[in-house]
Amino acid sequence: MEDIFGKALLDFQIGRYTEDIVTFSSLNIKDTLPLPHLFRDYDNMPTLEQKALDLCYGEVLDIGCGAGSHSLYLQQKGFKVTALDRSQGAIETCRSRGIEQTVCSNILDHTKKYDTLLLLMNGIGIIGKLQTLDRYFTHLKSLLKPNGQILLDSSDIIYMYDEDNDGSIWLPSSQYYYGEVQFTLEYKGNKGFPFYWLYLDYNTLKRASVVHGMACELVSNGEHYDYLAKLNVF
């Protein structure tokens, strides 16, 4: 599979930035993902991300690290942090930025244990579909050291669906969870393969956490239907 995302990150890192990533979604929305946004420093991060970074402790795994901005900040603060991404281009970008510990891997193939698992910028989206939530939660829990924590942010995107006159929400099909969104990325004329990204409402997250023996705390709500949550093993 062509690494559209990684190619864009590397271009920005080496000074070849001329355009942004274009995203197409199953919500019939065409949008852009500005590359400079992925390289921002702590002061320019959303409040939810800042709070998550402030809550980190011990050895940290930054899952779906992208350009590595969160890992870089934590490393500069003295944390032992590992930046993990399945994109080779993303990992090369992280190394170029000076991040010392990197892993190019699918999270399901990673087995080292950590005190903090960090999934930011809707990092839980890597799950793709709700039906794979159990598999991922079982594995993420196995990566936690005693007294470890998972910090993640996501969004409840039910607001994007039409509301009927009686206040009820029209959803495309009860067969699928409304937070399962299919995306395709395009960069410099090259389009990648479609993939699913999961937007998880907080109540669903909390129910799944309890099933897997984890307490789920709503740390903070964002400005636009997003939230930051913290999970700890009972």
Side-chain angles (χ1 to χ4, degrees), residues 1 3-15 17 21 33 35-46 48-128 135-154 195 197 214 219 228-233:
M1 180 182 297
D3 187 6
I4 299 289
F5 185 65
K7 174 68 165 59
L9 294 180
L10 279 173
D11 277 356
F12 187 93
Q13 178 63 17
I14 63 178
Y17 172 53
I21 296 172
L33 177 58
L35 293 181
H37 179 69
L38 302 175
F39 289 79
R40 63 200 182 282
D41 58 18
Y42 178 88
D43 290 339
N44 290 303
M45 292 178 187
L48 288 187
E49 291 180 30
Q50 293 176 341
K51 288 183 178 181
L53 293 173
D54 293 344
L55 288 171
C56 288
Y57 56 72
E59 191 172 356
V60 181
L61 179 63
D62 183 8
I63 301 170
C65 60
S69 295
H70 303 120
S71 292
L72 189 61
Y73 171 79
L74 291 171
Q75 182 176 284
Q76 292 169 345
K77 287 294 182 179
F79 283 87
K80 185 176 181 181
V81 56
T82 298
L84 179 146
D85 205 294
R86 65 187 304 172
S87 162
Q88 184 62 49
I91 293 303
E92 290 180 24
T93 299
C94 289
R95 291 170 180 165
S96 179
R97 298 184 76 190
I99 297 172
E100 297 169 0
Q101 298 292 329
T102 61
V103 176
C104 186
S105 173
N106 184 317
I107 185 58
L108 294 174
D109 297 323
H110 192 63
T111 57
K112 191 175 182 295
K113 293 183 181 292
Y114 299 85
D115 299 291
T116 298
L117 303 182
L118 196 62
L119 297 105
L120 295 184
M121 295 187 69
N122 193 50
I124 200 66
I126 61 172
I127 291 174
R135 181 185 180 195
Y136 274 86
F137 266 29
T138 297
H139 185 68
L140 291 175
K141 185 178 177 181
S142 75
L143 300 181
L144 290 173
K145 293 181 179 180
N147 300 315
Q149 64 174 350
I150 301 173
L151 298 171
L152 65 90
D153 62 0
S154 192
F195 63 92
W197 198 256
M214 293 185 287
V219 176
L228 172 65
K230 178 172 68 172
L231 281 61
N232 297 93
V233 179

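The figures that follow rest on heavy atoms only: side chains count, while hydrogens, waters and symmetry mates do not.
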Determine whether [X] and [Y] make a side-chain contact, defined as any pair of heavy atoms from C-beta on separated by less than 4.5 Å.
X	Y	answer
L117	I107	no
T93	F39	yes
W197	I126	yes
V233	M214	yes
F5	D3	yes
M45	L53	yes
L118	L74	yes
I124	F137	yes

Work out which heavy atom in [X] is nearest to a heavy atom in [Y]; give both atom names and the distance.
X	Y	value
S87	A90	OG-N, 3.0 Å
P36	F12	CG-CE1, 3.7 Å
I150	L140	CD1-CB, 4.1 Å
L120	A52	CD2-CB, 3.7 Å

Rounded to the nearest 0.5 Å, what's the gap from [atom1] on [X] to [atom2] on [Y]? Could you check?
X	Y	atom1	atom2	value
L119	L228	CG	CG	11.0 Å
N232	L151	CG	CG	8.5 Å
E100	L72	CD	CG	10.0 Å
T111	H139	OG1	NE2	7.0 Å
S96	L10	OG	CG	8.0 Å
K141	L231	NZ	CG	10.5 Å

Around atom [atom1] of [X], are there more than 12 heavy atoms of other residues, nucleotides or ligands at under 6.0 Å?
X	atom1	result
K112	NZ	yes
K80	NZ	no
Q88	CD	yes
Q101	CD	no

Under the 3.5 angstrom rule, does the side chain of [X] hit a backbone N or O of [Y] as a donor-acceptor pair?
X	Y	result
D115	G148	no
Q75	G98	yes
Q149	L55	yes

Open item on the list: Within the 3.5 Å criterion, strictly below it, is a donor on Y57 or N147 matched to an acceptor on the partner's side chain?
Closed with: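 Side chains of Y57 and N147: no pair found under 3.5 Å.
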Open item on the list: Go through it in stages, so that I can follow the logic: the residues are L35 and I21, the test is side chain to side chain contact (heavy atoms under 4.5 Å, CB included), and I'd like the CA-CA distance, side-chain angles, deciding distance and then a yes or no.
Closed with: CA-CA 7 Å; L35 293 181; I21 296 172; 3.9 Å; yes
Expected list for residues 62-70: side-chain donor-acceptor pairs under 3.5 angstrom, two or more places apart:
unit_1, atom_1, unit_2, atom_2, d
D62, OD2, S71, N, 3.4
D62, OD2, S71, OG, 2.7
S69, OG, L38, O, 2.8
S69, OG, R40, O, 3.3
S69, OG, R97, NH1, 3.2
H70, NE2, E49, OE1, 2.7

- [ ] Check the pair Y73 / D41 against side chain to side chain contact (heavy atoms under 4.5 Å, CB included), numbers first and verdict last.
- [x] CA-CA 7 Å; Y73 171 79; D41 58 18; over 6 Å; no
- [ ] Under the ring pair (Phe, Tyr, Trp, His ring centres under 6.0 Å) rule, collect the residues that match up with H110, sequence neighbours excluded.
- [x]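 Counting only residues at least two positions away or on another chain, H110 forms a ring pair (Phe, Tyr, Trp, His ring centres under 6.0 Å) with Y114.
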